[in-house]
Amino acid sequence: MTTLDVLFTAVGVIAAASAVLSVTTRHVVHAALWLVVTLGTLAGCYLVLGAELIALVQVLIYVGAVVVLVLFALMLTRAPVGPSAEHDTGPVQRVAAAVVAAGTTALLAGVLLAALGGRTVQIHGGSTTELATQLFGRWVWPFELLSVLLLVSLVAALAISRLRADPDSEVRS
Amino acid sequence: MMHLGLPIVLVAVLAGAGVYGVVARRNAVLVLIGVELILSAANLLLVTMGSVLPDPMRAGQVLALFVITIAAAEVGVALAVVLAMFRMRGHIDLTQPASDEAHPLDAPPPPRGQAGDGPHSPHDPQHPGDLDETHAPVRDAVTRESRS
C-alpha cells in the first residue's frame, strides 16, 4: 500500500457508498444530494490520478451545474419531501435490477481486471500545459463541434419548453 | 506507484449502481441520476487509462472533458423533456402509460394520488387535484384533435 493507494481507497469508498445510497434512498431529494457527494469524491479520485483540470471541471460542471439542474427539476415536478416508495418500482423489478447491476459490476470488474491485471503502475497525469496544447491543437475540431452541440442542446431545451406550453395555454384560455 | 485494481473496482461499482438506478427507479429524474453515474464510471475509466498508459495525445483526459460536456448537454435537454412531460401528464412516473394512450378518466389520477401530494404537501391540497382531474380529459381531447 503506497500513499496513492491509501488516498484513492479513502476517497473511493466514500464515492462507491454514496453512489449506492443515491440510487437506493427513499428520499427523492436525498438522491440528488448523495449524487453531489459521489461526484465531489470522484473529483478527489481524479486528483489522486493526477488529472487536476478534470477534477476542477468536474466540480464546476457536475457539482455546480448538473446537480443544480436536477434539484430544480425535482422541485418543479413537486417531488415529495419525506420518504416515499412511489419513485421505486415493485420488489420483483428491484430484485431483477439488483441482479442486472451485480452482473454488470462483475462483468466490468472481471473483464478489466483480466485485461489489465491487478498490477502496480506508475501514475503520470501530465501537466495542464501539455493537456491544453493537445486540446487546442490536435483536438480543436472536436472541441469546436462540442460547442456547437451545447448551443444546439440549449436551443432544443428552449424549443421543447415552448412547444409543450401551447396545448396548456389553449386549454386554460 | 499505485495499484490498478482500485480504480477498476470503483468503475465497476459506479456502473453497477447506475444500472440499478436506471432499472429500479420510476421517477424520471432519478433515472437521470443513474445515467449520470454510468457516465461518471466511463469518465473515471478514461482518466485512469490516460494516467496509466503512455498517452502522448492526452486522449484520456481530453475525452473525459468531452464526456463531461456531453453529459451537461444531455441533462439540459432531458430535464426540459421531463418538465414538458410533467406539464402534459401531471406526473413523471415512467411506468404509467401516457394519458392519451390509456383511459383518460381513470389512468392519470392514481399516480398523483399515490405520489404523496396529500400527506407531504398539505399547503396546496386542492391545486394538484384541480389541475389534474378537471383539465386532463380536456387536454386529452385537445391533443387527440390536434393529432387527427
**Student:** May I ask you to name which of A:Leu131, A:Val48, A:Val121, A:Leu154 has the most heavy-atom pairs under 4.5 Å with chain B?
**Tutor:**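 Most heavy-atom pairs under 4.5 Å with chain B: A:Val121.
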**Student:** Please classify the contact of A:Ser18 with chain B as side chain, backbone, both or neither, using a heavy-atom distance under 4.5 Å.
**Tutor:** neither
**Student:** So which part of A:Phe143 gets closer than 4.5 Å to some heavy atom of chain B, the side chain, the backbone, both or neither?
**Tutor:**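 It is both, since atoms from each part get that close.
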**Student:** Do A:Phe8 and A:Ile14 share a hydrophobic cluster (ILVMFWY, side-chain heavy atoms under 4.5 Å, transitive)?
**Tutor:** no
**Student:** Considering only heavy atoms, which portion of A:Ser147 lies under 4.5 Å from any heavy atom of chain B: side chain, backbone, both, or neither?
**Tutor:**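 Contact with chain B: none, neither part.
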**Student:** Relative to chain A, which segment of B:Leu4 carries a heavy atom at a distance below 4.5 Å: side chain, backbone, both, or neither?
**Tutor:** both
**Student:** Could you give the distance from CG (A:Leu7) to CG (B:Leu6), rounded to the nearest 0.5 Å?
**Tutor:**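 A:Leu7 CG to B:Leu6 CG: 11.0 Å, rounded to 0.5 Å.
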**Student:** Okay, side chain of A:Thr104, backbone of B:Gly16: is any donor-acceptor separation there less than 3.5 Å?
**Tutor:** no
**Student:** Go through the steps for B:Arg58 and A:Thr133 under the test side-chain contact (heavy atoms from CB on, under 4.5 Å), then give the verdict.
**Tutor:** CA-CA 10 Å; B:Arg58 303 275 98 203; A:Thr133 307; over 6 Å; no
**Student:** Non-hydrogen atoms of chain A under 4.5 Å away: do they reach the side chain of B:Ala78, the backbone, both or neither?
**Tutor:**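 Neither the backbone nor the side chain of B:Ala78 comes within 4.5 Å of chain A.
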**Student:** Count the heavy-atom pairs under 4.5 Å between each of B:Leu10, B:Leu14, B:Val13, B:Leu83 and chain A, then report the option with the highest count.
**Tutor:** B:Leu10
**Student:** Report which part of B:Ile92 has an atom under 4.5 Å of a heavy atom belonging to chain A: side chain, backbone, both, or neither.
**Tutor:** side chain
**Student:** Is there a continuous path of hydrophobic side-chain contacts, each under 4.5 Å between heavy atoms, that joins A:Trp34 to A:Val23?
**Tutor:** no
**Student:** Could you please spell out the steps behind the side-chain contact (heavy atoms from CB on, under 4.5 Å) verdict for B:Val29 and A:Val28?
**Tutor:** CA-CA 9 Å; B:Val29 182; A:Val28 177; over 6 Å; no
**Student:** I would like to know whether A:Val100 and B:Tyr20 meet side-chain contact (heavy atoms from CB on, under 4.5 Å); could you show each step before the answer?
**Tutor:** CA-CA 7 Å; A:Val100 171; B:Tyr20 179 83; over 6 Å; no
**Student:** Tell me, for B:Leu79 versus chain A, whether the close heavy atoms (under 4.5 Å) come from the side chain, the backbone, both or neither.
**Tutor:** side chain
**Student:** If you measure from CG on A:Leu35 to CD on B:Glu36, what distance do you get to the nearest 0.5 Å?
**Tutor:**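 Output value for this atom pair is 6.5 Å.
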**Student:** Would you check if A:Leu53 and B:Leu65 make a side-chain contact, meaning some heavy-atom pair closer than 4.5 Å?
**Tutor:**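 A side-chain contact under 4.5 Å exists here.
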**Student:** Is there a continuous path of hydrophobic side-chain contacts, each under 4.5 Å between heavy atoms, that joins A:Val66 to A:Leu33?
**Tutor:** yes
**Student:** Quick one, B:Met57 and A:Trp139 - any side-chain contact, counting heavy atoms below 4.5 Å?
**Tutor:** yes
**Student:** side-chain contact (heavy atoms from CB on, under 4.5 Å), that's the test. Do B:Leu39 and A:Tyr62 meet it? Break it down for me.
**Tutor:** CA-CA 11 Å; B:Leu39 284 171; A:Tyr62 261 124; 3.9 Å; yes
**Student:** Could you tell me if the side chain of B:Leu32 sits less than 4.5 Å from the side chain of A:Val70, heavy atoms only?
**Tutor:**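 Side-chain contact under 4.5 Å: no.
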**Student:** Check this for me: A:Arg138, atom CZ, are more than 12 non-hydrogen atoms of other residues, nucleotides or ligands nearer than 6.0 Å?
**Tutor:** no
**Student:** Would you kindly confirm whether A:Ile61 and A:Val63 end up in one hydrophobic cluster when ILVMFWY residues are joined by side chain heavy atoms under 4.5 Å apart?
**Tutor:** yes
**Student:** From B:Met85 CE over to A:Thr77 OG1, what is the distance, rounded to the nearest 0.5 angstrom?
**Tutor:** 9.0 Å
**Student:** May I ask you to test the A:Thr89-B:Arg25 pair for a side-chain heavy-atom distance under 4.5 Å?
**Tutor:**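 Not touching, per the 4.5 Å side-chain cut-off.
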**Student:** Measure distances from A:Thr38 to the heavy atoms of chain B and classify the residue's part below 4.5 Å as side chain, backbone, both or neither.
**Tutor:** side chain
**Student:** Taking A:Asp5 for the side chain and B:His3 for the main chain, is one N or O donor matched with an acceptor at less than 3.5 Å?
**Tutor:**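 Confirmed, A:Asp5 side chain pairs with B:His3 backbone.
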**Student:** Given side chains that start at C-beta, do those of B:Met49 and A:Leu116 come closer than 4.5 Å, heavy atoms only?
**Tutor:** yes
**Student:** So, for B:Gly76 and A:Ala157, which heavy atoms are closest and what is the spacing to 0.1 Å?
**Tutor:**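 Minimum heavy-atom contact is O-CB, 4.1 Å.
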**Student:** Can you see which heavy atom on A:Ser22 is nearest to which on B:Leu37, and at what distance?
**Tutor:** OG-CD1, 3.7 Å
**Student:** Under a 4.5 Å cut-off applied to non-hydrogen side-chain atoms, are A:Ser153 and B:Glu74 in contact?
**Tutor:**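 No, too far: nothing below the 4.5 Å cut-off.
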**Student:** Looking at A:Ile160 and B:Ala84, what are the two nearest heavy atoms and their distance?
**Tutor:** CG2-CB, 4.0 Å
**Student:** Non-hydrogen atoms of chain A under 4.5 Å away: do they reach the side chain of B:Thr69, the backbone, both or neither?
**Tutor:**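 It is both, since atoms from each part get that close.
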**Student:** Is the closest side-chain heavy-atom distance between B:Phe66 and A:Leu135 below 4.5 Å?
**Tutor:**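 A side-chain contact under 4.5 Å exists here.
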**Student:** Relative to chain B, which segment of A:Leu39 carries a heavy atom at a distance below 4.5 Å: side chain, backbone, both, or neither?
**Tutor:** side chain
**Student:** Please report the interatomic distance CD(B:Gln61) to CD(A:Glu130), rounded to the nearest 0.5 Å.
**Tutor:** 9.0 Å
**Student:** Let's test your reading of the structure: which of A:Ala51, A:Ala31, A:Ala97 forms the most heavy-atom pairs below 4.5 Å with chain B?
**Tutor:** A:Ala97
**Student:** Mind checking whether A:Leu49 and A:Val59 sit in one hydrophobic cluster, side chains of I, L, V, M, F, W, Y counted as touching below 4.5 Å?
**Tutor:** no
**Student:** Please rank A:Val13, A:Leu108, A:Leu146 by heavy-atom pairs under 4.5 Å with chain B and give me the top one.
**Tutor:** A:Leu146
**Student:** If you measure from CE on B:Met1 to OG1 on A:Thr2, what distance do you get to the nearest 0.5 Å?
**Tutor:**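 Rounded to the nearest 0.5 Å, the CE-OG1 separation comes to 8.0 Å.
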**Student:** Given heavy-atom pairs under 4.5 angstrom as the criterion, report whether the side chain, backbone, both or neither of B:Leu44 touches chain A.
**Tutor:** both
**Student:** Report which part of B:Pro7 has an atom under 4.5 Å of a heavy atom belonging to chain A: side chain, backbone, both, or neither.
**Tutor:** both
**Student:** Nearest 0.5 Å, please: how far is CG in B:Asn43 from CD1 in A:Ile54?
**Tutor:** 7.5 Å
**Student:** Just so I understand: if I count every heavy-atom pair under 4.5 Å between each of B:Thr48, B:Val81, B:Val47 and chain A, which residue has the most?
**Tutor:**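 If we count pairs closer than 4.5 Å to chain A, B:Val47 comes out on top.
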**Student:** Let's test your reading of the structure: which of B:Ile8, B:Val77, B:Leu45 forms the most heavy-atom pairs below 4.5 Å with chain A?
**Tutor:**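 Option with the greatest count: B:Ile8.
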**Student:** Where does B:Leu63 contact chain A at under 4.5 Å (heavy atoms): side chain, backbone, both or neither?
**Tutor:** side chain
**Student:** If you tally heavy-atom pairs under 4.5 Å against chain A, which of B:Leu94, B:Val82, B:Thr95, B:Leu53 wins?
**Tutor:**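 Ranked by heavy-atom pairs under 4.5 Å with chain A, first place is B:Leu53.
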**Student:** Is the shortest distance from a Lys or Arg side-chain nitrogen in A:Asp88 or B:Arg26 to a carboxylate oxygen in the other one below 4.0 Å?
**Tutor:**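 Salt bridge absent between A:Asp88 and B:Arg26.
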**Student:** Does any backbone or side-chain atom of A:Ala98 lie under 4.5 Å from a heavy atom of chain B? Answer side chain, backbone, both or neither.
**Tutor:** both
**Student:** Kindly say whether A:Ile123 contributes a backbone atom to a donor-acceptor pair with the side chain of B:Ser51 at under 3.5 angstrom?
**Tutor:**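 Here the side-chain-to-backbone pair does not exist.
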**Student:** Would you check if A:Leu112 and B:Val9 make a side-chain contact, meaning some heavy-atom pair closer than 4.5 Å?
**Tutor:** no
**Student:** Against chain A, work out which of B:Gly21, B:Ala72, B:Ser40 has the most heavy-atom pairs shorter than 4.5 Å and name it.
**Tutor:**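 If we count pairs closer than 4.5 Å to chain A, B:Ser40 comes out on top.
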